[in-house]
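Reviewing the structure listed below.
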Amino acid sequence: MTDLRKSAAIVGAYEHPVRYAPDKSETLIMAESIIGALADAGLEKKDVDAIFSAGGLSGYNLVDYLNMQPKYADFTTVGGASFEFHLSHAVTAIAAGRINCAVIVYASTPRVTGTLVGTGGFARNGSTLSDPVPGSFEDLYGKTTVGLYAMIARRHMHQYGTTSEQLAEVAVAMRKHAGLNPNALFRDPITVEDVLASRVISDPLHLNDCCIISDGGGAVVVASPEVARSCKTKPAWVLGMAEAIAHQGAGKRDLINIAAAQTGAPAMEMAGVKHKDLDMAMIYDSFTITVVETLEDLGFCKKGEGGDFVSGGRIELGGELPLNPDGGGLSSNHPGMRGMFLLIEATRQLRGDFAGTPRQVENCNLVLAHGTGGALGDRHSGGTIILGGD
Amino acid sequence: MVNQSQWKKPLPTITGETRKFWDAARKGHLMIQHCEPCGYQWYPRGFCSGCWSKEIDYVEAKGTGKVWTYTITYQNRTPGFNEEVPYVLALVELDEGVKLFTNIINCDPKSVTIGMDVKVTFVQATNQIHVPMFEPL
């Protein structure tokens, strides 16, 4: 394969501060995020020749709204990992010489619309009623997003002895980080006991094992090395990338292994890095179990040892592998597809945007981001990105 | 037996691809598909997803298996399920080796465990649709 390392970089990043948006359309939050990310990079509308967003068919509505003429458009929609897929695709398009500068953008307002993201039963995700799945053989039984993760948590506990206390450690760490982020929705510290005392949504997952529901959005600007050199920011170089879809496998797949098992090794091999080289990671934290499973399948610890790995402060700032210094989806923001924010925080950490504050990971030069979309119990996407500092 | 007018949950769509399954379900038989080289597959579809051959047969499953994992659902706002919480959503591994989504019924949700032996039972949703669920063996 062509060596794509440093073929492109994230040169602009903007996380919209909104967490409740009664007066803004999703498209306006996207426009404001693009404007913010371009200003961050020191670029303008005329510099952008490609757009990536996770809106599926609504992609052309977005392009209309933005009144732009992209020569490359990609509306890949695979849930929370969509933006890791987009970045991977954008790098490939830049390396092939098709484009020079792309924006990847996202916004959603489930909070203001009262969308029951995790417990409202199932959106069909594009499938028609005549497709056997999910309609005819799964939706009959009351799947929820929380339930599908809870089933994997239950199995993990059964196979490996993982405890609810260990899962709670993830929620506690994320809340601690959120306390350092003025935009985070939930900032008051919580304890393991608080998590265990929160109501059970789908056994064994408690309310505080679940990501929050917020409005929000963000954007990143991805550019060729030539454009990157003209920007006012330090580039965050894409060094490695891999994507995968994990599914039922005709009823025969061992669902305890997630898509990260297919993406971690190739992404790290492409980047030429090892686990010990990484200064921090952005791990999609839809639920506490998601983090445990992802860390295991990316190879940060052996399968089954994730519960122990996340305990004792290892994943906190100052720990061996700080995760999600922004407070993650468990405490900062989760509009539905959080993969965008993994890229934004990773970029800002690599640039040292938080230098002099406790949120900054010291000497941060190499970050892994892993997005997960869909649900571990039935089908999901996984996208791993390795980013390096300039 | 559930009165069909009370059935508020989603219903399957019967198509040419799945008609044999639902016809058999109505008579109390759990059918799964088998391909000679690839073995069993779940869920039913109009071809073998292993080798992409269109040659695939339905065979009757024994109807027994073990709970591979489960969750007791305490919150689901969808009509039909909202009224039934807490209920058990499970993946059952059939003796034939394929895992399927189902509910474990006719028992206390808290008595369900991973590895528990279960057997299929059919719940009538409409005249046409009998939904396979599982209960303790």
Side-chain angles (χ1 to χ4, degrees), chain A residues 114-124 127-159 199-207 210 247-256 289 375-379, chain B residues 9-18 21-22 32-33 35 38-46 48-50 68-82 84-91 93-94 96-103 109-110 113-115 125 129 131-133:
Chain A
T115 307
L116 299 165
V117 178
T119 59
F122 254 70
R124 291 190 174 274
S127 295
T128 68
L129 276 171
S130 62
D131 291 337
V133 157
S136 291
F137 294 95
E138 296 181 1
D139 288 349
L140 320 176
Y141 302 109
K143 290 193 309 177
T144 64
T145 301
V146 186
L148 289 166
Y149 282 85
M151 292 169 91
I152 298 303
R154 174 56 71 202
R155 183 73 195 183
H156 204 275
M157 290 174 168
H158 171 79
Q159 275 185 230
R199 75 177 193 276
V200 177
I201 304 293
S202 199
D203 171 77
L205 297 182
H206 305 77
L207 178 68
C210 305
H247 51 76
Q248 298 278 309
K252 291 182 275 204
R253 198 174 74 80
D254 186 351
L255 303 169
I256 204 73
I289 183 65
L376 301 190
D378 59 358
R379 288 163 285 282
Chain B
K9 298 177 188 175
L11 287 166
T13 306
I14 300 177
T15 66
E17 204 173 354
T18 59
F21 177 87
W22 294 108
I32 55 176
Q33 290 175 309
C35 165
C38 300
Y40 295 103
Q41 80 173 2
W42 179 262
Y43 44 90
R45 53 202 107 170
C48 171
S49 65
W68 190 81
T69 191
Y70 69 97
T71 180
I72 306 174
T73 307
Y74 290 92
Q75 186 173 321
N76 182 348
R77 307 289 197 212
T78 311
F81 298 109
N82 194 22
E84 282 197 8
V85 293
Y87 62 86
V88 179
L89 171 70
L91 274 161
E93 185 165 25
L94 297 179
E96 288 81 2
V98 291
K99 291 187 281 291
L100 47 78
F101 279 98
T102 193
N103 297 128
K110 291 197 167 169
T113 56
I114 289 178
I129 308 287
V131 178
M133 296 187 183

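Quick note on labels: first sequence line is chain A, next is B, and so on, each numbered from 1. Just the heavy atoms: all of them, side chains too, but no hydrogens, waters or symmetry mates, feed the values below.
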With distance as the sole test, does [X] use its side chain to make a donor-acceptor pair with the main-chain N or O of [Y] at under 3.5 Å?
| X | Y | value |
| --- | --- | --- |
| A/S136 | B/T13 | yes |
| B/Q33 | B/R45 | yes |
| B/Q75 | A/I201 | no |

Are any of the side-chain heavy atoms of B/P86 and B/K110 separated by less than 4.5 Å? no
Do you know which two heavy atoms are closest between [X] and [Y], and how far apart they sit?
| X | Y | answer |
| --- | --- | --- |
| B/Y87 | A/Y141 | CE1-O, 3.6 Å |
| A/K143 | A/P134 | NZ-CB, 4.1 Å |
| B/W42 | B/I32 | CE3-CG2, 3.8 Å |
| A/G142 | B/N76 | O-ND2, 3.7 Å |
| A/P204 | A/A150 | CD-O, 3.4 Å |

Among the options [options], pick out the one with the most heavy-atom pairs lying under 4.5 Å from chain A.
| options | value |
| --- | --- |
| B/W68, B/Y70, B/Y43, B/F81 | B/W68 |
| B/G50, B/G97, B/S49, B/P44 | B/P44 |
| B/N82, B/V88, B/T69 | B/T69 |
| B/E17, B/K9, B/K99 | B/K99 |
| B/V98, B/I14, B/I114, B/T73 | B/I114 |

Please classify the contact of [X] with chain A as side chain, backbone, both or neither, using a heavy-atom distance under 4.5 Å.
| X | value |
| --- | --- |
| B/P109 | neither |
| B/T15 | side chain |
| B/Y40 | backbone |
| B/C38 | backbone |
| B/L94 | neither |
| B/L100 | neither |
| B/Y74 | both |
| B/T102 | both |

Which portion of A/L205 sits near chain B, non-hydrogen atoms under 4.5 angstrom: neither
Using heavy-atom distances under 4.5 Å, tell me whether A/R253 contacts chain B through its side chain, its backbone, both, or neither. backbone
Fit a plane to each ring of B/W22 and A/F137, take the angle between them on a 0 to 90° scale, and name the class: parallel (under 30°), tilted (30 to 60°) or perpendicular (over 60°). parallel
